[in-house]
K.L.:
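Have a look at this one before I ask anything.
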Amino acid sequence: MGRRHEKSLALSLRTFDYSETSQVVHLYARELGKIHCIAKGSKRRKSAFHGPFDVLCLYEITRLEKEPGALDLLTGAETLKDYRGVRESYARFAAASYVADLVDEFTPEAQPQPELFDALRRTLDRLNEGAPVAQEVFGFEAAFLRELGHFPRTDACGACRKPPSGSDLWFSVRDGGVFCASCSPRDPNRILTRRVVIDALQAFRHGRPFPMAVTAGIADDLRRLLDAHLRYVFDREPKSARFMRQALLAAEGR
Ligand SMILES: [Zn+2]
């Protein structure tokens with residue numbers, strides 16, 4: 001035998017009770033990608049895990065090297081950060097749950113993507129410190145779509161291939177992104193949008209802060225556009241998407 005023990009930083013995405021004393025944990029590990037693990041005895045008072053796993057925490061995990069067809073077995077974990085600030089606010093917790101669900105539901109298993117891990121960790125850090133919630137969600141969605149190769153086209157019209165012209169623009173999820181006002185896409189579900197919304201999307205794509213404050217109107221339009229795009233790419237939306245939208249509106253007093 002002699003299987004190796006592997007260590008990795010990991011963020012907990014979901015936890016399930018597996019038995020009276022054990023849990024199944026969905027983790028996003030920096031060096032291992034998304035893994036579904038059994039933590040035997042994690043609910044016992046004394047265990048190698050110093051207490052049960054909770055969602056949305058940063059751990060250093062130790063995993064027994066995986067054999068083909070076998071379940072992933074955790075042999076130890078240290079809690080490095082529990083993101084208490086995220087748990088103190090309904091909107092921040094809803095946003096954090098949503099970004100974790102994106103990773104849990106839509107990333108391939110066991111494919112390390114360290115940049116995506118770093119983006120998720122950064123987003124949780126910033127939410128924990130009280131950064132503006134809607135912008136953090138957009139920023140993470142942009143990083144997520146970029147890393148998975150699903151970012152919509154924002155810099156060229158899908159018909160004339162030039163930089164899109166006009167202050168009103170079309171957006172078609174089916175046809176890959178933006179179109180000039182005068183180059184209307186054939187897609188019957190095309191969305192009429194504004195240049196300022198596409199500019200915001202473009203800024204988030206490059207990880208830049210949007211130059212002006214993202215107004216409620218721009219945020220609403222961007223939300224609608226990204227919801228439609230994510231639903232098209234993944235055929236559905238994450239479980240917590242509606243919860244996240246409601247919590248953000250409630251936080252803004254709307
Ligand atoms: Zn055009």
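Quantities reported herein were computed from a predicted structural model and do not represent experimental measurements. All ligand and atom numbering here is 1-based and tracks the order in the structure. This chain uses plain numbering: 1 for the first residue, then up along the sequence.
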K.L.:
For the residue pair F117 and V103, establish whether any side-chain heavy-atom pair is separated by less than 4.5 Å.
P.N.:
no
K.L.:
Verify whether one side chain among E141 and Y98 offers a donor that lies under 3.5 Å from an acceptor in the other.
P.N.:
yes
K.L.:
Compare all side-chain heavy atoms of V99 with those of P238 and state whether any distance is below 4.5 angstrom.
P.N.:
no
K.L.:
Quick one: give me the number of protein N/O/S atoms under 2.8 Å from the Zn ion (ligand 1).
P.N.:
4
K.L.:
How long is the span from the CG atom in L58 to the OH atom in Y28, to the nearest 0.5 Å?
P.N.:
14.0 Å
K.L.:
Can you find a side-chain donor-acceptor pair between R190 and S184 that sits under 3.5 Å?
P.N.:
yes
K.L.:
Is it true that T154 and R205 share a donor-acceptor pair across their side chains at a distance under 3.5 Å?
P.N.:
yes
